[in-house]
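A note on names: the letters A, B, ... follow the listed sequences, proteins ahead of strands, and every chain is numbered from 1.
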There are 2 protein chains.
Amino acid sequence: MNIGEVARRSGLPAKTIRYYEDIGLVRPPRDANDYRNFGEEELHRLAFLGRARALGFSIEDCRGLMRLYEDRDRASSDVKRIAGAHLARIDKRIAELSEMRNTLRDLVRCCAGDARPDCPILADLSGAG
Amino acid sequence: MNIGEVARRSGLPAKTIRYYEDIGLVRPPRDANDYRNFGEEELHRLAFLGRARALGFSIEDCRGLMRLYEDRDRASSDVKRIAGAHLARIDKRIAELSEMRNTLRDLVRCCAGDARPDCPILADLSGAG
DNA sequence: GCTTGACCTTCCATCTACTGGAACCCTTAT
DNA sequence: ATAAGGGTTCCAGTAGATGGAAGGTCAAGC
């Protein structure tokens with residue numbers, strides 16, 4: 001299977017697949033013409049990576065998850081630890097963004113948005129209050 | 001005022017202040033010894049930038065907001081447009097993260113987290129279901 | 001006058017996770 | 001023969017800093 005077909009079937013751009021090979025997440029063999037030749041197993045790994053990335057896992061997390069996935073002697077606690085830490089980071093990030101949103105929403109709501117220069121948004125940023 | 005004091009008073013790391021000068025957000029004059037010499041106005045600009053960044057505005061947004069801040073003939077609609085677009089991006093990002101969180105939370109909740117290899121998190125990532 | 005330590009300077013590398021593009025090779029159809 | 005549509009490598013760039021090396025400056029203390 002050439003990279004184009006793998007890209008179609010995995011949903012990942014060919015560029016990204018090459019990048020994943022570059023950083024050692026997949027190791028497709030090569031044909032005589034230097035083309036990458038993916039099997040079903042590599043395709044499956046890439047799909048796994050795509051889903052993990054879609055859940056926001058970092059590349060290093062993905063590497064760890066993949067290693068665990070392929071380790072028949074894994075402990076589910078190791079998987080859960082990675083996912084739990086990621087969940088905590090997401091919660092933290094959502095909290096940060098929510099606070100930004102609340103502040104911003106109030107400021108935007110108070111701004112007349114007309115041709116006059118007076119603006120509570122700029123007033124807030126300039127340190128008033 | 002040297003960069004150290006400005007860093008303390010603005011809350012921004014000296015490195016960041018140098019970076020902001022590098023990309024043209026501030027232009028402190030120099031003393032004979034090449035040290036940056038910040039006045040109250042530069043300090044104020046940096047504090048403005050710090051608050052805008054804390055609200056998640058991009059550097060380019062900050063540049064625009066700063067320009068508007070210093071333009072006495074600005075229209076508040078221009079400010080509101082930048083802030084509104086940013087607010088929409090934040091809302092979108094929160095929605096994305098919330099969806100990740102919901103999925104992850106369910107998966108983590110279902111994972112035994114013990115010494116056994118069976119794991120719904122890996123099962124999901126591998127495409128089961 | 002000399003050293004010590006806390007400043008300051010520039011410049012280069014690194015981080016995340018790709019993405020774009022140039023220059024070039026391979027295959028197949030016409 | 002050539003053109004289209006694959007594939008290849010390699011280099012640069014994105015955002016927003018941050019770390020560190022190598023070296024200049026300044027004030028205090030001996």
Salt-bridge criterion met for [X] and [Y] (N-O under 4.0 Å):
X	Y	value
A/R93	A/E96	yes
B/D91	A/R101	yes
A/R45	A/E70	yes
B/R36	B/E21	yes
B/D61	B/R89	yes
A/R63	A/E60	yes

Tell me the interatomic distance from [X], atom [atom1], to [N], atom [atom2], rounded to whole angstroms.
X	N	atom1	atom2	result
B/D34	C/dT10	CG	P	6 Å
B/L12	D/dG16	CG	P	14 Å
A/I17	D/dG6	CD1	P	14 Å
B/R18	C/dT10	CZ	P	7 Å
B/I3	D/dC26	CD1	P	16 Å
A/Y19	D/dT9	OH	P	16 Å
A/Y35	D/dG6	OH	P	11 Å

Under 4.0 Å between a side-chain N/O of [X] and OP1 or OP2 of [N], yes or no?
X	N	result
A/N33	C/dT27	yes
B/Y20	D/dA17	yes
A/T16	C/dA17	no

Main-chain N/O of B/S98 paired with B/N102 side-chain donor or acceptor, under 3.5 Å
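Checking the backbone N and O of B/S98 against the side chain of B/N102, a donor-acceptor pair under 3.5 Å is found.
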Does any residue of residues 21-31 of chain B have a heavy atom under 4.0 Å from DNA chain C, and if so, which ones, in number order?
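When residues 21-31 of chain B is checked for heavy atoms under 4.0 Å from DNA chain C, the hits, listed by number, are B/R30.
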Listed in order of residue number, which residues of residues 38-61 of chain A have a non-hydrogen atom at under 4.0 Å from DNA chain C?
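Within residues 38-61 of chain A, the residues near DNA chain C are A/R53, A/S58, A/I59.
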Can you confirm whether A/E40 sits close enough to A/R9 that some side-chain heavy atom of one is under 4.5 Å from a side-chain heavy atom of the other?
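Touching, per the 4.5 Å side-chain cut-off.
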Which heavy-atom pair separates [X] from [Y] by the least distance, and what is that distance?
X	Y	value
B/A7	B/A14	CB-N, 3.9 Å
A/Y69	A/R74	O-NH1, 3.0 Å
A/G113	B/S77	O-CB, 3.3 Å
A/D34	A/R30	O-NH1, 2.9 Å

Which atoms of nucleotides 21-23 of chain D (N or O only) lie under 3.5 Å from a protein N or O atom, and what are those distances?
none

Using a strict heavy-atom distance below 4.0 Å, which residues from residues 86-98 of chain B are in contact with DNA chain D?
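Nucleic-acid contacts, sorted: none.
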Would you list the atom pairs, donor with acceptor, under 3.5 Å between side chains in residues 81-88 of chain A and any protein atom, with sequence neighbours excluded?
residue, atom, partner, partner atom, Å
A/H86, NE2, A/L55, O, 2.8
A/H86, NE2, A/G56, O, 3.3
A/H86, NE2, A/F57, N, 3.4

Axis bend over the full length of the helix from C/dG1-D/dC30 to C/dT30-D/dA1, computed from five pairs that close each end, to 10 degrees:
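Answer for the end axes of this duplex: 40°.
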CG on A/L43 to CZ on A/R8, rounded to 0.5 Å
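One gets 11.5 Å once the value is rounded to the nearest 0.5 Å.
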Enter the distance from B/N2:CG to B/Y35:OH here, rounded to the nearest 0.5 Å.
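Taking CG in B/N2 and OH in B/Y35, the distance rounds to 7.0 Å.
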Under 4.0 Å, heavy atoms only, any strand: does A/R36 hit a base, just the sugar-phosphate, or nothing?
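Sugar-phosphate contact only - A/R36 comes under 4.0 Å of backbone atoms but never of a base.
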I'd like to know if the side chain of A/S76 pairs up with that of B/D114 as donor and acceptor (distance under 3.5 Å, no hydrogens or angles considered).
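Per modelled atom types, A/S76 and B/D114 side chains form a pair under 3.5 Å.
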